[in-house]
Amino acid sequence: MEFQAVLGAFSQVDGSLNAMEAKPKGSASLAAVISAFVPTWVTGIIFVVIFVLIRHRWPNIYAPRTYIGTIPEKDRTPSASVGYFDWIHAMYKLPDKFLLYHQSLDAYLYLRFLRTIIFICVVGCCLTWPILMPINATGGGSSTELDKIGIGNIKKKERYYAHTVMAWVFFGFVMFTIARERLFLIGLRQAWNLSKPNTKRLSSRTVLFMSAPRDALEDSNKHRFFGDGALRIWPVAKTGDLDSLVSSRKSKVEQLEAAEISLIQRANKEGRKNARNVHSQNGSTPTYDDLPDPVKKSIRPRHRSAVPPIGSVVDSIEQLRQQIKEDEKNIEDTRKMYEIGDTHGATSVFVEFRTLDEAQRACQQVFSGNLLALTPRYTSVLPTEVIWNNLTIPPARRISEESTALAIVIVLVVFWSIPSSFVGLISNISYLAENFEWLSFLKNLPDPIIGLLSGLVPPLLTSLLSKFVPNIFRYIFKSFGSPTNTVTELKVQKWYYVFQVTQVFLVTAVFSGAATVASQLMEKIKDPASVPELLARQLPKASNFYLTYFIIQGTTSAADNLLNYSDLLSYIFYGYFFDKTPRQKFNRYTSMKGIAWGKVFPKFANFAIIAIAYSCIAPLVLGFAAIGLSLYYFSYRYNLLFVIQPKMDTKGLAYTLALQHLLTGVYIAELALLGLFGLRKATGPSIITAVLFVITVIYNVLMNKYMAPLEKFMPTDLATSTARGEESTALLSSAEEGHAHGTSHIQRLGERAHVPSTVAQNIVNPLARFFEPQVFASYDAMRSWLREGDFYDSENDVPEYKAEDLEKAYLNPVLTSPTPLIWLARDEMGVSQNEVGENEEQGLRASDQGAWVDEKGKVRWSVEDFDQLPVWKEAVKY
């Protein structure tokens, strides 16, 4: 049945406003909350117990950052023991700041974002609960249970002044907190990016220019196009068939390794069968040469050839060696013929500058009168995050593809409202059963079952529906021209935020209340005077949906973050059934869990948006949001300290977007209050709230106007002074200790009032740090803050580069990557040594170091000593 038909059928129901006075049938209220609370908490506790019991059994899943060789020793998380609860002690001892030094800026800022929105929710509870809840509960309405403490229970218009005043206080606090955090981020980014380790990194001094003119790709023209500061260029042009050839070569190497390992295991199996022969009786171990020639021939892997003569049975190892050599020759021939012809703007160029200051100036300057030339441009791009095929798209086509991607995403967001609205209807299942004959059988279900269907199922479906959306968005943007993974992730964050607000919040909220209200609207359409009262009383009840949503997200989902059973089961399943070669086992073992900033920031920004939007309508939502977010903070803190290795770093840009998105909650809340006051004809509160709305708009415009440039670029004066090695004016380490005379007004007032030192330390100084970000979040203060603590080691973290690393740093890997070394597993019979020799005779690098076949025929590798592994070397920090 179409949704319009469902709404039309609502008009057939009998009843009036008075029919719902006792207990509105559409309200899930307390029963739904309890029905969601019990199973989710039980599930969450079970998940945590299982996590505690199995954590030490699979350290590569639950604590890889404490020991794994791919993490430099200085960046590993300290862990004293392998006890069941040692991780709690480590989490208690390590500050969030540890992530800033040993992981990434985004990792630290993500935890700070969670702390910030928890802080907003807690302060909101402290402000609204003591005032609004009693006013709502005694508002004279007929609402029951949890609905009674919502704004829908207010009958007297005069009481809305309390909500208006609270809106000014709380929304003003939210806006101040957002401004404070943006100032903090500006100071932190400046201090972090201008610190010695970062200014010396190649990526900090390199700018990616898209749509470069043909002449800009010549080394002799680098000063003409990019100024005297340009030091080196890496042109990027189309590579033709190289991509497919290199991919084919890699695939064949992996197939050859699998075939070789199969031969080694079969040979050793045959050797064990013959263990009772003369060799074993003499106490010697049988060797590969001892096997009869027919046996050697029978155990070699074979397959039907896909090349002429097609269908003939061939030796897999011999054919793969031959094909790899053919691919090598084709790759080398193609590389020799590679040249940059007439590009028509379908190319890009990476430019290294002598200093970060010159790179920042180049990124902000206009180098060409051509509208589309040398734009867009990006700084601090890592070679590993480049999407190479998207760097050689003509400008007009790039614009077209980006527009197409946006159109597809917008259509997806709009049409996703169909399943989202269906979820909203389910949340009012008891009302649907009462008014639809074909659903009347639901009335015979026990109350706990009705509570589960209306309270637990809708939030679960909402989470499930939104789970795959970021991956869809990411695929769309990568397929339509995004040059780097970071740019893609920021686009995903922007549009997933739109999706979260529209589908998870607005559409679901509207339709979870619509089922309750629709039939009454049809009955009251001839009496418009009763419609405002109905809307004002019923629409806020959609908040009940989010009470259960926060319960489920904060318990089951947060506990699932800890248990991470999907990665565990995947590791066990693929490790047992599919990973047969040392390389496959190594890749599986060292493949650490990442985190998608474009997914997590919008999700929890929407948490805060919902809480802020309902702060003056249904204050209870703030408390549930604070609890849910706190549980998430704990689970993500554990994961970032022990498990997660971020694959990209937006340098704080994701945090900036998330802070800006929070203001959406303020707008929605103000508009909702304006609508409610207008429907109830509360003129005074309407005017006061309208003024607040205008102030919010002005605040938003001014904040973006003055802060956006500082959030995107480094100030050239600071970059210049850093490049010259000059020290700025007095660092405010003393300010952190409360001794910044003449700097902090609040501290100065405390000193004039002769406040006791304990009071100054515990009250005055924290207040000063919070309310004076212009002092305590300045560049100098943040630089001092970065140098504090036991984990700061600036001098030893300065990168050093070899000439060969610099030469190929920003070249497309298909132009420079060698044939992968063939990694085999050593065995007692010497099969691996024989195969290594045969491979090297044909010009293929091979090794059997760091891996072996045990007595049961299983492949093992050196998990604890990566220095023995021929396929591993420490990554270059670009």
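Values below: every heavy atom of this structure, side chains too, minus hydrogens, waters and symmetry copies.
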Checklist line | Residue among Phe624, Tyr614, Phe607 satisfying ring pair (Phe, Tyr, Trp, His ring centres under 6.0 Å) with Phe550 | finding: Phe607

Check: Can you check whether Phe642 and Tyr62 have ring centres sitting under 6.0 Å from each other?
Finding: no

Item checked: No-hydrogen, no-angle side-chain donor-acceptor test under 3.5 Å, Glu670 and Thr696 -> yes

Margin query: Is it true that Arg182 and Asn704 share a donor-acceptor pair across their side chains at a distance under 3.5 Å?
Written below: yes

Check: Does NZ or CZ of Arg112 fall inside the cone over Phe184's six-membered ring, less than 6.0 Å from its centre and within 45° of the axis?
Finding: yes

Next item on the list: For this output row, return yes or no: ring centroids of Phe771 and Phe176 closer than 6.0 angstrom.
Entry: yes

Next item on the list: Hey, could you give me the CG/OG distance between Leu673 and Ser615, rounded to the nearest 0.5 Å?
Entry: 7.5 Å

Next item on the list: Pick out which of Tyr667, Tyr699, Phe677 makes a ring pair (Phe, Tyr, Trp, His ring centres under 6.0 Å) with Phe693.
Entry: Tyr667

Next item on the list: Verify, without hydrogens or angle tests, whether Gln553 (side chain) and Gly628 (backbone) share a donor-acceptor contact under 3.5 angstrom.
Entry: no

Notebook entry, point to check: How about Phe604 and Phe113: are their ring centres within less than 6.0 Å of each other?
Noted result: no

Margin query: Does Lys593 have more than 12 heavy atoms from other residues, nucleotides or ligands lying within 6.0 Å of its NZ?
Written below: yes

Next item on the list: Using atom types as modelled and distance alone, determine if a side-chain donor or acceptor of Arg474 lies under 3.5 Å from a backbone N or O of Thr488.
Entry: no

Notebook entry, point to check: Taking the six-membered ring of Trp192, is NZ or CZ of Lys651 closer than 6.0 Å to its centre and within 45° of its axis?
Noted result: no

Checklist line | Value rounded to 0.5 Å, distance of NE2 in His102 from CZ in Arg76 | finding: 12.5 Å

Notebook entry, point to check: Can any side-chain N or O of Thr77 pair as donor or acceptor with the backbone N or O of Leu641 at less than 3.5 Å?
Noted result: yes

Notebook entry, point to check: Without hydrogens or angle criteria, can the side chains of Tyr633 and Asp96 be said to hold a donor-acceptor pair below 3.5 Å?
Noted result: yes

Next item on the list: Check the side chains of Gln500 and Tyr496 for a donor-acceptor pair under 3.5 angstrom, ignoring hydrogens and angles.
Entry: yes

Next item on the list: Take the angle between the ring planes of Phe601 and Tyr655 and call it parallel below 30°, perpendicular above 60°, tilted in between.
Entry: tilted

Margin query: Just by distance, no angles: are the side chains of Asn765 and Gln747 close enough, under 3.5 Å, to form a donor-acceptor pair?
Written below: yes

Checklist line | Of Leu132, Ile617, Ile135, the residue whose pairing with Ile151 passes side chain to side chain contact (heavy atoms under 4.5 Å, CB included) | finding: Ile617

